[in-house]
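Below is one structure, written out as structure tokens, with a few remarks after it.
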2 protein chains.
Amino acid sequence: MSDLLERLRGRGWRMTSQRRVVAQVLDGDHVHLTADEVHARAALLLPEISRATVYNTLGELVSLGEVIEVATDGRARRYDPNAHHPHHHLVCSTCGTVRDVHPTRDPLTDLPVEERFGFTVAAAEVTYRGLCPSCTRAPAQAPA
Amino acid sequence: MSDLLERLRGRGWRMTSQRRVVAQVLDGDHVHLTADEVHARAALLLPEISRATVYNTLGELVSLGEVIEVATDGRARRYDPNAHHPHHHLVCSTCGTVRDVHPTRDPLTDLPVEERFGFTVAAAEVTYRGLCPSCTRAPAQAPA
DNA sequence: TCTTGACTTGGATTGTGTCCATCGTAGGAT
DNA sequence: ATCCTACGATGGACACAATCCAAGTCAAGA
């Protein structure tokens, strides 16, 4: 995702080691990390990086549209680097695993005007909830 | 909704003035209050009620399925007393107001099997985001 | 009326996120 | 290559949401 670094530079970002490291962490797996998890992983690469900088950088990436902020549980927000292709989330109610999914239809088109109450509606997020394959098989707990 | 009090008694709840007051507050408008807002309104009726009790009672109502917990953003969770009629939520990105809405189509039917990754999908929640009428008019919270 | 354990209390604690004064440095200018 | 300076980083204080806990209280059955 050196693409990302290019785009940021193109937007006038001053490129610092901290910002590089945060971008690198997000570029890793397509897991949905919390800010503190991003900070922990970034600190492995750049031990002195501060939490404030991680929060600042994530906030900037979100407002640039490069990263999506996901609030599934009322706990810590999670950051989703897969902002290029629109998608939604499938969450396992037992273990909390999150997968990106792609429904065939945009739910925005299914909200009639009389159900919008004068709002300027910009987006629709769908959270599918259910049990992932391994939690379906072992409903209680299965360390194994 | 003295129904609610009946159901709770039927489930073995010890009926206290605190619990009665929390149920009464939720029964008011169908607004989606935060725990602190519930506490504030409850305190008008029963000044000594503590935050901890409000949190406890809300948590119990949620696990009994009488109230739905809504985590729309990284801010405070909101409590939705309209648990017995399926619906979705329209959230103002600026002020956090939540309205119940009823799309014309269930997004569950738009998630193809090959996008379910073996999950047993049980439910789909849609969160529509936008600006409410008053935040559309006053984008930066500026008093006219 | 008595008894008991479920409930309530408020203060401490944890978790998440923001603010701010100060220091450091990327990158353009010379 | 060196200098300048505005932008970014730092970390500690602060704010807010939620939970925990030990001690006191009281609803409701006997």
Name the nucleic acid region contacted by B/Thr53, choosing base, sugar-phosphate or nothing; use a 4.0 angstrom heavy-atom cut-off, strictly under. base
At under 4.0 Å between heavy atoms, what does B/Arg51 touch on the DNA or RNA strands: base, sugar-phosphate, or nothing? nothing
What's the closest nucleotide to the A/Arg19 side chain, out of C/dG17, C/dT8, D/dA9? D/dA9
Which one, D/dA17, C/dG10, D/dT19, comes nearest to the side chain of B/Ser50? C/dG10
Would you please test B/Glu66 and B/His84 for side chain to side chain donor-acceptor pair (under 3.5 Å) and show each step? CA-CA 8 Å; B/Glu66 296 288 350; B/His84 298 300; 3.3 Å; yes
Between B/Ala52 and A/Arg14, which has a closest nucleotide on DNA chain D that is more 5'?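 So the residue in question is A/Arg14.
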Answer yes or no: does a side-chain N or O of A/Gln18 lie under 4.0 Å from OP1 or OP2 of D/dT10? yes
Looking at C/dT16, I'd like to know if its phosphate oxygens (OP1 or OP2) sit under 4.0 Å from a side-chain N or O belonging to A/Thr34. no
For the pair made of [atom1] in [X] and [atom2] in [N], what is the distance, rounded to whole Å?
{"X": "B/Leu8", "N": "C/dC7", "atom1": "CG", "atom2": "P", "value": "11 Å"}
{"X": "B/Tyr55", "N": "D/dC16", "atom1": "OH", "atom2": "C1'", "value": "9 Å"}
{"X": "A/Glu69", "N": "C/dG17", "atom1": "CD", "atom2": "C1'", "value": "10 Å"}
{"X": "B/Leu46", "N": "C/dT9", "atom1": "CG", "atom2": "P", "value": "7 Å"}
{"X": "A/Arg78", "N": "C/dG17", "atom1": "CZ", "atom2": "C1'", "value": "15 Å"}
{"X": "B/Trp13", "N": "D/dA28", "atom1": "CH2", "atom2": "C1'", "value": "17 Å"}
{"X": "A/Leu33", "N": "C/dT16", "atom1": "CG", "atom2": "C1'", "value": "16 Å"}
{"X": "B/Arg77", "N": "C/dG15", "atom1": "CZ", "atom2": "C1'", "value": "11 Å"}

Quick test of your reading of the model: are A/Arg19 and A/Glu60 salt-bridged, counting only N-O distances below 4.0 Å? yes
Determine, step by step, whether A/Glu37 and A/Arg78 satisfy the salt bridge (Lys or Arg N to Asp or Glu O under 4.0 Å) criterion, reporting the C-alpha distance in whole Å, the side-chain angles of both residues, the deciding distance to 0.1 Å, and the verdict. CA-CA 9 Å; A/Glu37 288 165 352; A/Arg78 292 177 176 274; 3.7 Å; yes
Is the ring pair A/His32/A/His89 parallel, tilted or perpendicular, if the boundaries are 30 and 60 degrees?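 The rings of A/His32 and A/His89 stand perpendicular, inter-plane angle above 60°.
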Does the side chain of A/Asp80 come under 3.5 Å of the side chain of A/His87 through a donor N or O and an acceptor N or O?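 Distance-only check passes for A/Asp80 and A/His87.
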